[in-house]
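The structure appears below as structure tokens.
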Amino acid sequence: EHSIEFQAVMLAHVFDPDIAIVPILCGPFTQDIAQEDAPLDRLDPFLAAVNTLVSDPADGVTVIAGADLAHVGKRFGDAFDITDAVVQRVAARDDEDMQHAASVQPEAFYRSVMRDRNERKVCGLGCIYAMLKAVEGHAAAGELLCYGYSPDPIGGIVSYASMVLA
């Protein structure tokens with residue numbers, strides 16, 4: 001969803017500068033499937049193949065989703081200013097979504113984000129969904145390590161989280 005420069009530098013530092021990386025670009029879902037109950041069948045063959053590749057723990061595969069969560073406020077096309085109430089609503093909805101991610105439930109995560117037709121503009125929807133499908137059946141429940149948001153000086157916030165699925 002986002003470029004992988006940060007993740008590539010971090011992985012090289014933590015593991016080895018010669019670490020093998022397979023970047024997979026996950027753009028936004030097209031409008032014809034961007035609905036709460038939309039079938040995601042067209043993605044299944046590719047995501048099933050990725051899931052097979054990460055199935056053997058002996059291979060030492062790590063799947064990383066570099067993605068943001070909500071983008072709200074005037075900077076992102078909304079008509080409202082950011083208030084404490086807006087931040088609390090965004091955090092509550094993000095928390096609902098992240099509970100599904102922590103439970104490794106890709107379809108439930110997708111439906112949760114799309115419940116309001118992605119009103120929060122979660123640009124990482126495709127990336128996080130793909131990551132969850134890649135590890136589904138192989139990862140245990142996750143742990144949310146950090147949640148927060150960054151203000152945009154033009155008027156808005158972008159929320160983010162870090163989570164580990166083992």
Distance, nearest 0.5 Å, that separates [atom1] of [X] from [atom2] of [Y]:
| X | Y | atom1 | atom2 | answer |
| --- | --- | --- | --- | --- |
| S159 | R120 | OG | CZ | 7.0 Å |
| M131 | E136 | CE | CD | 11.5 Å |
| Q7 | T62 | CD | OG1 | 12.5 Å |
| L43 | Y110 | CG | OH | 9.0 Å |

Is it true that [X] and [Y] fall in one hydrophobic cluster, defined by side-chain heavy atoms closer than 4.5 Å?
| X | Y | value |
| --- | --- | --- |
| I128 | F46 | yes |
| M10 | Y160 | no |
| I64 | V14 | yes |

Just by distance, do the side chain of H71 and the backbone of K121 share a donor-acceptor pair under 3.5 Å? yes
S112 side chain to F109 backbone, donor-acceptor under 3.5 Å: no
[X]: which residues meet the side-chain contact (heavy atoms from CB on, under 4.5 Å) condition with it, sequence neighbours left out?
| X | value |
| --- | --- |
| D16 | D18 |
| P151 | none |
| I19 | L11, F15, I21 |
| V86 | V72, F80, I82, T83, R89, V90 |

So [Y] and [X], do their side chains get closer than 4.5 Å, heavy atoms only?
| X | Y | result |
| --- | --- | --- |
| V61 | L53 | no |
| L69 | D97 | no |
| L47 | Y129 | yes |
| M163 | M98 | yes |

Residues in salt bridge (charged side-chain N to carboxylate O under 4.0 Å, His left out) contact with [X], at least two apart in sequence or another chain:
| X | value |
| --- | --- |
| R75 | D152 |
| D81 | K74 |
| E107 | K133 |
| D44 | none |

Minimum heavy-atom distance [X]-[Y], with the two atoms named:
| X | Y | value |
| --- | --- | --- |
| V54 | A134 | CG2-O, 2.8 Å |
| G66 | C127 | N-SG, 4.0 Å |
| M114 | N118 | SD-CB, 3.6 Å |

With ILVMFWY side chains joined below 4.5 Å, transitively, what does V158's cluster contain besides itself? F76
Of all residues at least two apart in sequence or in a different chain, which pass the side chain to side chain donor-acceptor pair (under 3.5 Å) check with E96? R93, R115
Step by step, work out the side chain to side chain donor-acceptor pair (under 3.5 Å) result for D84 and Q88. CA-CA 6 Å; D84 287 342; Q88 290 172 1; 5.8 Å; no
Qualifying salt bridge (charged side-chain N to carboxylate O under 4.0 Å, His left out) pairs with a residue from residues 156-166, counting only residues at least two apart or across chains: none
Would you mind writing out the side-chain donor-acceptor pairs for residues 138-147 within the sub-3.5 Å range, not counting sequence neighbours?
residue, atom, partner, partner atom, Å
H138, NE2, N51, O, 3.4
H138, NE2, N51, OD1, 2.7
Y147, OH, D94, OD2, 2.6

